[in-house]
Every structure is written in C-alpha cells, then in structure tokens.
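Inspection log for the structure reproduced underneath, given as structure tokens.
We use all heavy atoms of the structure for the numbers below, so side chains are in, but hydrogens, waters and symmetry mates are not.
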Amino acid sequence: MAHTYTLGGKTVTVFPCETAHAPVVYLNTFDEEGARVLARLQSLGPVPCSLVAISQLDWNRDMAPWDAPSAFRGGDACTGGADAYLELLTGTILPAAERELNGAPCWRGLAGYSLAGLFALYALYHTDCFARAATMSGSLWFPGFRDYALSHPFCRRPDCVYFSLGRRESKTRNPLLKTVGENTEALYRHCRALGIPSIFRYHPGNHYGHAVERTADGIAWLLNPDAAEDAPAL
C-alpha cells in the first residue's frame with residue numbers, strides 16, 4: 001500500500017516492496033508520475049524493488065546544478081538549487097521513506113526524466129547514497145555540465161548508469177539543446193571508460209513522447225543490468 005506525505009514542501013509517495021531488504025529507487029517527477037511509472041513497470045513483469053516518487057518540486061531550481069539562462073525564448077531561468085535539494089533528499093526524505101520499507105534496502109537508485117535526469121547524474125558527484133542512476137532524456141545540454149562531469153570524480157563508483165534519449169531530441173535549431181546527443185554520448189562513453197556498466201538507448205520521437213514508458217524502461221534496466229547488457233544500445 002502506498003504512503004504519501006509532505007516533507008520540506010515536497011510530496012513524497014512510497015510504494016514499498018514486500019520483499020525484505022529489496023532495493024529502492026528514488027524518482028524525482030515533474031507531474032506526480034510515480035503511480036503511472038510503477039504501473040508500467042508492473043506491466044513488464046514482477047517489480048523487485050520499492051519506489052519512492054517525489055513531486056511538487058521547484059523544477060528549475062531543485063533540479064539545476066547552478067544558475068543558467070533559459071534554453072527557451074521567454075522561459076524561466078534555472079536558479080541552481082540542486083545542492084540544497086540533494087541535502088533535503090538525503091537528509092530528510094530518504095530516512096523518512098526508508099522507515100516505511102521492509103528492512104534497509106540492499107542498494108539505492110536515483111532516476112529522473114529531463115532536468116531530473118540531469119539531477120540523477122549530478123547527484124552521483126555529491127553523495128555516496130546512490131549506487132545506480134538512470135537519466136532518461138536527461139538535460140545533459142545544461143551549460144557547463146559535460147565539462148564538469150568529465151573533470152570531477154564520482155563520490156562512489158556507481159554500480160551502473162543508464163542513459164536514454166529520443167532520436168529527434170538533437171534535431172533542433174536551438175544551439176544549446178542540439179548538443180544533448182553528443183553530450184549524452186560523451187558521458188556514456190566516460191562511464192564505460194571507467195569500467196562502469198552502462199547503456200545508452202535511443203527511443204523513437206522527441207523529448208516529450210512516452211516519458212512514463214521511457215522512465216519505466218530505465219528503472220527496469222537498473223534492476224537487472226546484466227540481463228539487459230546485450231539489449232539494443234548506442
């Protein structure tokens with residue numbers, strides 16, 4: 001049975017797994033997609049993990065590593081608050097959520113779509129709480145992030161990292177957004193060079209198509225990366 005409560009102004013929904021010490025995946029969401037992602041995962045087969053979905057985020061602040069102008073004309077700028085949100089996540093949300101689980105999880109994962117996918121990767125450089133990460137259509141075009149990621153060490157060596165994009169995401173005239181493909185590929189290859197099991201999947205469509213399905217696919221891979229190692233990838 002799901003448990004929902006508010007912490008630090010964020011809505012936290014815990015979908016606990018009955019299995020003792022099952023892994024847990026934390027999912028930052030734009031529009032309370034947690035239940036739909038779980039339903040999609042369940043349609044793919046048994047779900048041997050707990051899921052913690054966090055919503056009511058200040059999206060352009062909580063998910064942004066540092067200040068950056070909007071990538072879109074007339075859009076809101078990013079006001080880097082990821083460090084403060086990560087402190088809330090690891091110091092308050094995580095221990096409260098895990099009191100709802102059947103024993104301490106054997107590992108934790110962090111997943112997200114778009115800016116939350118950027119945050120999932122960024123967090124690996126600032127905390128050792130998460131062993132696995134999935135960035136689906138991650139905003140890896142974010143100014144300065146590629147150079148930052150390639151020049152800084154992870155807090156801990158991740159067990160595995162999942163990357164995905166829509167095939168049309170780089171096909172844009174926007175000079176910033178068009179870098180997302182090459183940046184994602186560079187970070188994927190960086191992980192592989194470090195010996196971290198990783199995969200980079202392309203999906204049909206652009207950034208906005210089938211976000212729930214793509215997110216579920218990424219989490220499913222985190223749960224069983226060895227079995228999916230030979231799946232279609234870059």
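Checking Tyr85 against Asn28 by side-chain atom types alone, a donor-acceptor pair falls below 3.5 Å. Residues Ser114 and His207 have side chains that bring a donor and an acceptor to within less than 3.5 angstrom of each other. Donor-acceptor pairing under 3.5 Å is lacking for the side chains of Tyr26 and Arg108. In this model, a donor atom of one side chain and an acceptor atom of the other lie less than 3.5 Å apart for Tyr122 and Asp83.
For Tyr148 and Trp66, the ring centers are positioned less than 6.0 Å apart.
Between Phe200 and Tyr202, the two ring planes are tilted [angle within 30° to 60°].
Evaluated for a side-chain hydrogen bond (donor to acceptor under 3.5 Å, both in side chains) with Ser137, the options Glu169, His203, His210 yield exactly one hit, Glu169. Evaluated for a side chain to side chain contact (heavy atoms under 4.5 Å, CB included) with Leu124, the options Cys191, Cys155, Pro158 yield exactly one hit, Pro158.
In Glu87, the CD atom is not crowded: 12 or fewer heavy atoms of neighbouring residues, nucleotides or ligands sit closer than 6.0 Å. For CZ of Arg146, the number of neighbouring non-hydrogen atoms (other residues, nucleotides, ligands) closer than 6.0 Å is greater than 12.
Linking ILVMFWY side-chain heavy atoms closer than 4.5 Å, directly or via other members, places Tyr162 and Leu44 in two distinct hydrophobic clusters. Placement of Leu7 and Met63 within a single hydrophobic cluster is found when ILVMFWY residues are connected by side-chain heavy-atom separations under 4.5 Å, directly or transitively.
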